[in-house]
Amino acid sequence: MAHGSHDHGSAGHSHGPGHVHGSTDKKRVLIATCLTAGFMVAEALGGWLTGSLALVADAGHMLADAIALGLAWYAFHLTGRPATGRLTYGFARVKTLVAYTNGIAIFVIALWIIYEAWGRLMAPAPVLGGPMLVVAVAGLLVNIASFFVLHGGDRESLNMRGAILHVLGDLLGSAAAIVAAVIIIATGWTPIDPILSVLVSLLILSTAWSLMREAAHVLLEGVPASLDRDLIAKDIEGAIKGVREVHHMHVWSLDGTSNMATLHACLNDGVDAHVAVSAIKKRLAVKHGIEHATVEPEFGQCADSHNEHDHHHDHDHAHGAPADRRHYH
């Protein structure tokens with residue numbers, strides 16, 4: 001399909017506010033990576049010496065988090081590279097790939113913790129509550145510092161949210177270890193250690209699923225949750241003079257923040273195509289936050305084949321679309 005007009009304002013070339021955000025987010029993620037990796041070794045040794053599954057589990061989580069945060073930092077690094085002839089949108093979507101991978105990693109870690117906890121419940125092991133408490137408190141302080149470093153970043157970024165999710169899981173793990181240590185010191189009841197580990201894992205699983213679902217939606221080029229493709233098409237038809245119909249419309253996000261669209265605009269005879277396309281792009285940017293759009297103006301019959309249009313039409317009806325509903329492909 002030949003597209004009549006292109007707008008490359010946000011296709012990986014912009015150096016405006018988003019670029020500044022990306023630069024500061026990159027530094028925040030690097031600081032969090034160093035803090036997490038540095039304390040992970042101390043917590044792993046502490047868990048091994050005290051016999052605490054909660055500490056070992058949190059150390060394992062921090063190991064994966066240090067790797068994931070490092071990947072998140074590298075994703076921000078790649079995003080700064082210019083687009084190429086082969087990667088015309090640049091490397092912006094790497095952040096989404098990393099966010100999806102982070103979600104999978106969290107799932108695996110959480111399931112491992114649950115498996116280990118079940119073994120501990122079946123065969124309780126001795127736990128040194130005092131040293132465990134000291135290590136857990138130190139871990140909590142490190143995780144709080146990492147959380148506040150990341151929390152000041154761009155929370156609309158899936159990559160940044162993935163990084164925050166990892167650190168939040170570590171923070172919850174440290175808090176659970178503190179509670180477990182206090183109970184063990186006060187009562188000597190060691191099963192609390194694996195029980196709290198499982199509870200933290202379940203919380204992490206739910207948030208990881210949400211992150212994976214959003215990242216997968218972006219990778220599948222689904223319509224962003226904040227936008228409605230059909231309403232946008234109708235808005236253009238009603239707001240832009242000379243536009244008779246909008247169809248073959250696609251709306252998606254490049255990386256969870258940069259929204260894009262392509263569409264065919266059927267114009268009335270005598271309408272200036274350049275003026276109409278410019279008005280459509282301005283409407284998409286100002287009203288709907290879509291700053292990168294490809295618009296193909298048409299007069300009379302659609303430039304695509306009639307048979308293809310019929311195929312799409314029949315396909316929609318086969319999936320239960322109302323007969324009187326207009327179709328946008």
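All residue numbers refer to positions in the sequence shown, counting from 1. Since the model is a prediction, treat every value here as computed from it, not as a measurement.
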Participant: State the CG-CD1 distance between L140 and I178, to the nearest 0.5 angstrom.
Facilitator: 4.5 Å
Participant: Between CD1 of I164 and CZ of R28, what distance do you get to the nearest 0.5 Å?
Facilitator: 9.5 Å
Participant: L284 versus L263: any side-chain heavy-atom pair under 4.5 Å?
Facilitator: yes
Participant: Within a strict 4.5 Å, meaning less than it, do heavy atoms of the I290 and L227 side chains meet?
Facilitator: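 The answer is yes, as the side chains (C-beta and beyond) meet within the 4.5 Å cut-off.
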Participant: Using modelled atom types only, decide if a donor and an acceptor are shared between the side chain of H217 and the backbone of V223 within a distance under 3.5 Å.
Facilitator: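 Indeed, once roles are kept as given, a pair shorter than 3.5 Å links the two residues.
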Participant: When you group the ILVMFWY residues by side-chain heavy-atom contacts below 4.5 Å and let the links chain together, are L254 and L97 in the same group?
Facilitator: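 In one cluster: no.
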Participant: So how far is it from I144 CD1 to L168 CG, rounded to the nearest 0.5 Å?
Facilitator: 11.0 Å
Participant: Roughly how far, to the nearest 0.5 Å, is CD1 of I236 from NZ of K287?
Facilitator: 12.0 Å
Participant: CD1/I113 to CG/L199 distance, rounded to the nearest 0.5 angstrom?
Facilitator: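 Answer for the CD1-CG pair, I113 versus L199, is 12.0 Å.
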Participant: Tell me, with the steps shown, if S278 and K282 meet side-chain contact (heavy atoms from CB on, under 4.5 Å).
Facilitator: CA-CA 6 Å; S278 297; K282 183 176 180 181; over 6 Å; no
Participant: Do the side chains of T96 and L219 get nearer than 4.5 Å, heavy atoms only?
Facilitator: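 Yes, close enough: below the 4.5 Å cut-off.
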Participant: Under 3.5 Å, is there a donor-acceptor pair between the side chain of E291 and the main chain of S258?
Facilitator: no
Participant: Let's go through W252 and T262 carefully: what are the C-alpha distance in whole Å and the side-chain angles of both, what is the deciding distance for side-chain contact (heavy atoms from CB on, under 4.5 Å) to 0.1 Å, and is it a yes or a no?
Facilitator: CA-CA 9 Å; W252 73 100; T262 63; 3.7 Å; yes
Participant: State the CE-CG distance between M40 and L35, to the nearest 0.5 angstrom.
Facilitator: 13.0 Å
Participant: What closest approach, in Å, do T190 and I184 show between heavy atoms, and which atom pair accounts for it?
Facilitator: CA-CG1, 4.1 Å
Participant: Is it the case that more than 12 heavy atoms not belonging to Y115 sit under 6.0 Å from its OH atom?
Facilitator: no
Participant: Do I114 and L205 have side chains that approach each other closer than 4.5 Å (heavy atoms only, starting at C-beta)?
Facilitator: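 In short, these two side chains touch, coming nearer than 4.5 Å.
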Participant: Answer yes or no: is there a side-chain heavy-atom contact under 4.5 Å between I185 and L133?
Facilitator: yes
Participant: Grab the two heavy atoms, one from R244 and one from G300, that are nearest each other, plus how far apart they are.
Facilitator: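 Smallest interatomic distance, heavy atoms only, reads NH2-O, 3.6 Å.
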Participant: Quick one: do D193 and M132 satisfy side-chain contact (heavy atoms from CB on, under 4.5 Å)? Show the steps, please.
Facilitator: CA-CA 11 Å; D193 183 51; M132 175 185 173; 3.4 Å; yes
Participant: Decide yes or no for D235 and H288: does some side-chain heavy atom of the first lie under 4.5 Å from some side-chain heavy atom of the second?
Facilitator: yes
Participant: For residues A177 and A136, report the shortest heavy-atom separation together with the two atoms involved.
Facilitator: CB-CB, 3.7 Å
Participant: Counting only heavy atoms not in W48, do more than 12 sit closer than 6.0 Å to its CH2 atom?
Facilitator: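 Atom CH2 in W48 is not crowded, with 12 or fewer foreign heavy atoms closer than 6.0 Å.
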Participant: Check step by step if side-chain contact (heavy atoms from CB on, under 4.5 Å) holds for V167 and L69.
Facilitator: CA-CA 9 Å; V167 173; L69 289 168; 4.2 Å; yes
Participant: In this structure, would L220 and V94 fall into the same cluster of hydrophobic residues linked by side-chain contacts under 4.5 Å?
Facilitator: no
Participant: Hydrophobic clusters here meaning ILVMFWY residues chained together by side-chain heavy-atom distances under 4.5 Å, can you tell me if V198 and W118 are in one?
Facilitator: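 V198 does not cluster with W118.
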Participant: Indicate if V142 and V134 have the same hydrophobic cluster label, given that clusters are the connected sets of ILVMFWY residues with side-chain heavy-atom separations under 4.5 angstrom.
Facilitator: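 Unlinked, V142 and V134 end up in two clusters.
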